[in-house]
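Read through the structure below, which is laid out as C-alpha cells, and then see the notes.
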Amino acid sequence: MIVHGCSDPVQYRESAPAGGVETSLVAAIRRYAVRRDDGQHPQLMPHLRWLEAESIEILREVAAEFRKPVMLYSIGKDSGVMLHLARKAFFPAKIPFPLLHVDTTWKFREMISFRDIMARELGLDLLVHVNRDGIARGISPFGPSAALHTEVMKTEGLKQALDAHGFDAAIGGARRDEEKSRAKERVFSFRSKQHVWDPRRQRPELWNLFNTAIHDGESVRVFPLSNWTETDVWTYIASESIPVVPLYFARPRPVVHRSGALIMVDDERLPLDSGERPETRMIRFRTLGCYPLSGAIESEATNVDEIIDEMLASTTSERQGRLIDHCESKSMERKKREGYF
Amino acid sequence: MEDTLDVRAVSPPPAVKAEKSLLRFLTCGSVDDGKSTLIGRLLCDSQLVEDDQMAAVVRDSVRHGTLGEEADLALLVDGLEAEREQGITIDVAYRYFATPRRSFIVADTPGHEQYTRNMATGASTADLAVVLVDMRKGILTQTMRHSYICSLLGIRSIVLAVNKIDLVSDADEMFRRIIADYHRFAAALDFSAVVPIPISARYGDNVVAASARTPWYRGPSLLRHLETVDAAQNERQLPLRFPVQRVSRPNADFRGYAGTVASGRIAVGDEVVVAASGRSSRVERIVTFDRDLPRATAGDAVTLTLKDEIDIGRGDLLVAPAARPEVADQFSAHLLWLDEKPLLPGRSYLLKIGTRTLPAQVTTLKHKIDINTLAQRPGRTLDLNEIGLCNLSVASPVAFDAYMDNPRTGAFILIDRLSNATAGAGMIAFGLRRASNIRRHAHLVDKTARASLMKQAPCVLWFTGLSGSGKSTIANLVEKALHEAGIHTMLLDGDNIRHGVNRDLGFTDADRVENIRRAGEIAKLLAEAGLVVLSCFISPFRAEREMVRGQLLPGEFVEIFVDVPLKECIRRDPKGLYAKALAGGIANFTGIGSPYEAPQAPDILIDGRNETPEMAAARVVEWVLARHGEDDGSAHGVNDAG
C-alpha cells in the first residue's frame, strides 16, 4: 500500500448514488491533495490556532526524538485531522514516517475505499496490518468470539505490527475528552516492552518538555490531539476543508435495531436474526470503527455545518455509539492497560 | 460529478464563530475541599455533561458515591479505577469545556501531599489557579503549599474559591476572615491578582449564575470571572526566543529551521543570533503549509529560512540580537523532585531545556524549602515532592533566561539516565558566572603522548562488588603481575581515597555518589597520565559506574564485577563489618541497609565463589596484556612478558 501526491481544501457532501459518490470523492481528495498557496486561506479562531500549533510542535518532537515513529491511521475524522497536521508540521518536506492502519477486516467498505484513495492521491506511505492469526482462529464480532474481537483484531493486531516493524513511537488520534480514563493520559505515554500502560507510574509531564527517553524494546504512544474536543475537531475540519469519510454525513442507509443501537448492514456478513429485517433510515455516524460494533444516529446533517449544529445541540456523548465501551466505564482503562490504543 | 460536492468555504455556525480565546487553569486545594465536585458543577451547569455521561454517574454514584442517592458530580472527573474506589483524585485530569466566549482547559489536580508533583504538572501549563478553601476549615497547610507551588511555577492570577457556603450560618463574616488570612499569607508570594468568590460547588451558588444566598457578595460568578479575566502570560511582549526543533532539508535547495516561537515576535528581514555561538543572520522566509508569513509571534509553529548558511541544529536557540539570554554551563535553580528515588547531588542526569538535552548534575543543594512555612532548611538530598534551591552544572554551555523572566526558556526537566523517569522539574533562578573564569588550557603534551613514552595503553580497571567479595585481593595480585610485566600502574581504593581526598564523606547514598564521582575523576586524571589504573570500590550504583565510563574513551573503562553472593560475603566477613551492620551498628552498609546494583553486562565477570583470587587475577592480567598486544604501536614489548 504505497502511492504519491501533495496538498489543500475540499468539502465532501453525500447525496449521490454509490458509483458517482466514489468518483466525486476522488475528485474532492485530489483537490485536497494539491496545496493551494493563493493567500485565500481563512484565519483560524485563536483557540484552534493554539491547538494546531501545539499539535505541530508535538509531531515535530516525535520526528526529532525517535528512531522509528509511525502514525496510526484509523480513517476516522481524528485521523484525518492528525494527517492534515502532519502535512503542515513537516512542510515543505514530506511526512517523515509511515502511516499504519490496523485492519480488523470489519471496517465499513466506504472507509477502506476512502483510505485507499487518500493514500494514492496524497502519496502516503501507508502500511496495512491484519492479524492473520486472529482470522485463522475464526475471530469475528459475532457469536462466541465476539468478546475477543476487539482485543484480538485491534489490540493484538496493533502490537504485532509495532513489534514486526520495530516502531518506537506510535502516534494516535485519541483525545482526552473522549473518555474518563483518557483524561489522565499523557501526551507522550510510556509503554513497556509488553505494550502495557501503567496508570500509576505515568511520567509527570510539565510545560512542553516531553521526556522521550526509552530503552530498547520499549515504546511510547503519542497523542497530539490530547487537548482537542469533538467540537474543535469538526470546526477545524470545516475551517481547513479536510475530507472525511462520507459515512459521517446523513443519508438513507440500511439498518437493523440491536441492543438499543442502530447497526448498518454494510455487507452480507452481518448475520440477521429471524424476524430481523433491514430498514432504510436517514442515518450517520459520530465515530467509525468495525461496522457491526458502530451504532448510527438518526440525523439530517448532510454537511459539516449541519454536523456542528447538531453536535452543539446534542445531549449524548460521542462514544455512546461504541458498543465496546458500554459494559462498564472502567472497561476503557482495562483495555488501555492491556495495550489498546 | 462536481454538483454533488459542497466546495464552498464552510463558515462555522454562530455558536462557535466568535473570536474565541483559550484559558488554561487549574483547580487545587485541600482534600475534600470539593475540587472535582466544582468542575463537575461547572460542566453540569454550563450544560456540557451529556445525558449518557450523567446516566453513568448516577449509576456509579450508587456504587462509589459519597452522597447516598444524590448524583456525586466528582465521579464525572475522577476517572481511574483506583480513584473511584478510594474516593480521591490521584492524578491530574484534564477537562474541556467552552462557552460562546472562551474555551477552557482545566487541570484537576490532587490535594494529597504525596501528589504535589501532579499539582506542579497542572500548574506548569496554567495561566490561572482556582484555589479551593472549605469555608468551615479556612486556610490550611495544604492551601498554603498549593499557593506556593502556583507561585513558584509562575502563576500570577488566583481565584480564591471559598466553598461550602451552604454549610455555615455566618458565611459573610467567615468569607471576610478567610480573605484576610489568605492575603496575610500570600503577601510573600508573587501574585498579581487574588479574586475571592464565595461558592457552593454542591448546589451551584456563584459557580455559573449569581446566588441569592449571598446578597453580601457583589462580584462575578466563577464562570463569569473565568470568561473575562485577562490572565494569559503575555509572551509576545518578551524578547524573541526561537528554539530550533528540527532542521528541515527536503532537498538541496531548502534548509529550514522548524520550531515554535517561544516568545516575542519575528519578521522577514529581522536579524537573529544563535545564542550559544553568537553567529547571526537575517530571516529570509517564514514558511508555513498555508503560505509564507511576513511575521510570526509567540505560539506560532513555523519554519524559518535564513539568508546565510550558519551552523544551526536542534537545540539551538535563535534570539533577538539586542536582548540575548544568558549562556552558561552553571546556574542556580529551584528544583522540584518528582521521582521516588531521591536526588543525588553529583550523579549525572539528562537535562532537557527547550529542545536541547544534555548531561547535567546538581553540584550543590544550597537549601531545601519547607513548602508549608517557606522556611529554608539544610539538606543533602531531595526526596519525592521536595523543593530545593540548587546549583547545577551542564556538560556544555546552554542558553536560558531566568524562569521569572521567561518560563519557556527558564524551565527544564531532569531525566534519570537509567530508569528514564522524569526525576525533577527545574526553574532557573540565575546563571553562575564562575564557569566562564575557568578556561581549559590546551595541553601541549596529551594522554597519547604520555602513554606512548611508557609504551602502554592506559585504561581503568574498575573492580566492583560487595564488601568482602575479594576486590582488593584480586586487584593487588593484578597490579603486581602488571608491574612485573613492565606496565605503569596505580591502585585506588578506599584506603588511599577515603582517608584523604574524601575524608569529608560518609556513607549515605548522596555521599557514596560523591565518593565515586571523585574517585572517577582521579582515575580519569591518572589514565590521562598514561597509567593503567586499578580501582577497588564497592561502587554500588550503576549510574556512577556509567558516569565514570562516560568520562573515558570507549574501551578504556573496564568494568570487573567480582560476583560473590551476599550470603557468602556475610559468612566470610573478613573485617567483621557485616556482623556489626547486622547488629545495627553500621547504617547504610551495602547489602544490609543500602542496595548494591549489580552490573548487567560487566566487561569481565569474576565468579568469586568458584574462582580463586589467583585464577581471577590471571584472567584480568591476560585481558590487559591482550589489549596491549592489539595495540602494537604504543605497547610493544609487553607481549614477551605475558
> Between B/Pro250, B/Ala126, B/Ala107, which residue shows the highest count of heavy-atom pairs closer than 4.5 Å to chain A?
Replying inline: B/Pro250
>> Between A/Glu65 and B/Arg356, does any side-chain N to carboxylate O distance fall below 4.0 Å?
In response: no
> Is it the backbone or the side chain of A/Phe190 that comes under 4.5 Å from a heavy atom of chain B, or both, or neither?
Replying inline: neither
> Under a 4.5 Å heavy-atom cut-off, does chain A meet the side chain of B/Val302, its backbone, both or neither?
Replying inline: backbone
> Which pair of heavy atoms, one from A/Ala64 and one from B/Arg314, lies closest together, and at what distance?
Replying inline: CB-NH1, 3.5 Å
>> At a 4.5 Å cut-off on heavy atoms, which part of B/Leu350 comes close to chain A: side chain, backbone, both, or neither?
In response: neither
>> Among residues at least two apart in sequence or on other chains, which ones pass side-chain contact (heavy atoms from CB on, under 4.5 Å) with A/Pro204?
In response: A/Leu206, B/Arg117, B/Thr121, B/Leu338, B/Thr422
>> Could you report the tightest heavy-atom contact between B/Ser248 and A/Ala93, atom names first, then the distance?
In response: OG-CB, 4.0 Å
> Residues two or more places apart in sequence or in another chain: which of them pass ring pair (Phe, Tyr, Trp, His ring centres under 6.0 Å) with B/Phe400?
Replying inline: B/Phe331
> Pick from B/Ala258, B/Gly122, B/Gly354: which one has the most heavy-atom pairs with chain A under 4.5 Å?
Replying inline: B/Ala258
> So do the side chains of B/Tyr96 and A/Arg175 get within less than 4.5 Å of each other, counting heavy atoms only?
Replying inline: no
>> Ignoring hydrogens, what is the shortest heavy-atom contact between A/Leu209 and B/Phe412? Give both atom names and the distance.
In response: CD1-CA, 3.5 Å
>> Counting only heavy atoms from other residues, nucleotides and ligands, does the tally under 6.0 Å from CG of B/Asn251 exceed 12?
In response: yes
>> Quick one about A/Asn227 and B/Tyr94 (side-chain donor to acceptor, distance below 3.5 Å, no hydrogens or angles considered), yes or no?
In response: no
> Is the closest side-chain donor-acceptor distance between A/Arg60 and B/Thr303 under 3.5 Å?
Replying inline: yes
> Which pair of non-hydrogen atoms, one from B/Phe289 and one from A/His84, has the smallest distance, and what is that distance?
Replying inline: CE2-CE1, 4.5 Å
>> Is it the case that the side chain of A/His215 and the backbone of B/Leu418 share a donor-acceptor pair, with hydrogens and angles ignored and the cut-off at 3.5 Å?
In response: yes
>> Please classify the contact between B/Ala411 and chain A as side chain, backbone, both or neither, with a heavy-atom cut-off of under 4.5 Å.
In response: both
> Heavy-atom distance under 4.5 Å to chain A: side chain of B/Leu293, backbone, both or neither?
Replying inline: neither
> Could you go step by step and tell me if A/Glu57 and B/Arg408 meet the salt bridge (charged side-chain N to carboxylate O under 4.0 Å, His left out) rule?
Replying inline: CA-CA 14 Å; A/Glu57 185 178 19; B/Arg408 294 284 304 234; 3.7 Å; yes
>> Less than 4.5 Å apart, side chain to side chain, heavy atoms only: is that true for A/Lys88 and B/Thr288?
In response: no
> Is there a side-chain contact between A/Glu240 and B/Asp290, using heavy atoms and a 4.5 Å cut-off?
Replying inline: yes
> Side chain, backbone, both or neither: which part of B/Ile105 has a non-hydrogen atom closer than 4.5 Å to chain A?
Replying inline: side chain
> Measuring from B/Leu22:CG to A/Glu54:CD, what's the distance to the nearest 0.5 Å?
Replying inline: 9.0 Å
>> Taking the side chain as everything from C-beta on, heavy atoms only, tell me whether B/Ile413 gets closer than 4.5 Å to A/Asn211.
In response: yes
> Among A/Glu61, A/Glu205, A/Glu52, which residue forms the greatest number of heavy-atom pairs with chain B at distances under 4.5 Å?
Replying inline: A/Glu61
> Does B/Arg95 come within less than 4.0 Å of A/Asp177, counting only side-chain N to carboxylate O?
Replying inline: no
>> Between A/Trp207 and chain B, with a heavy-atom cut-off of 4.5 Å, which part of the residue counts as in contact: side chain, backbone, both or neither?
In response: both
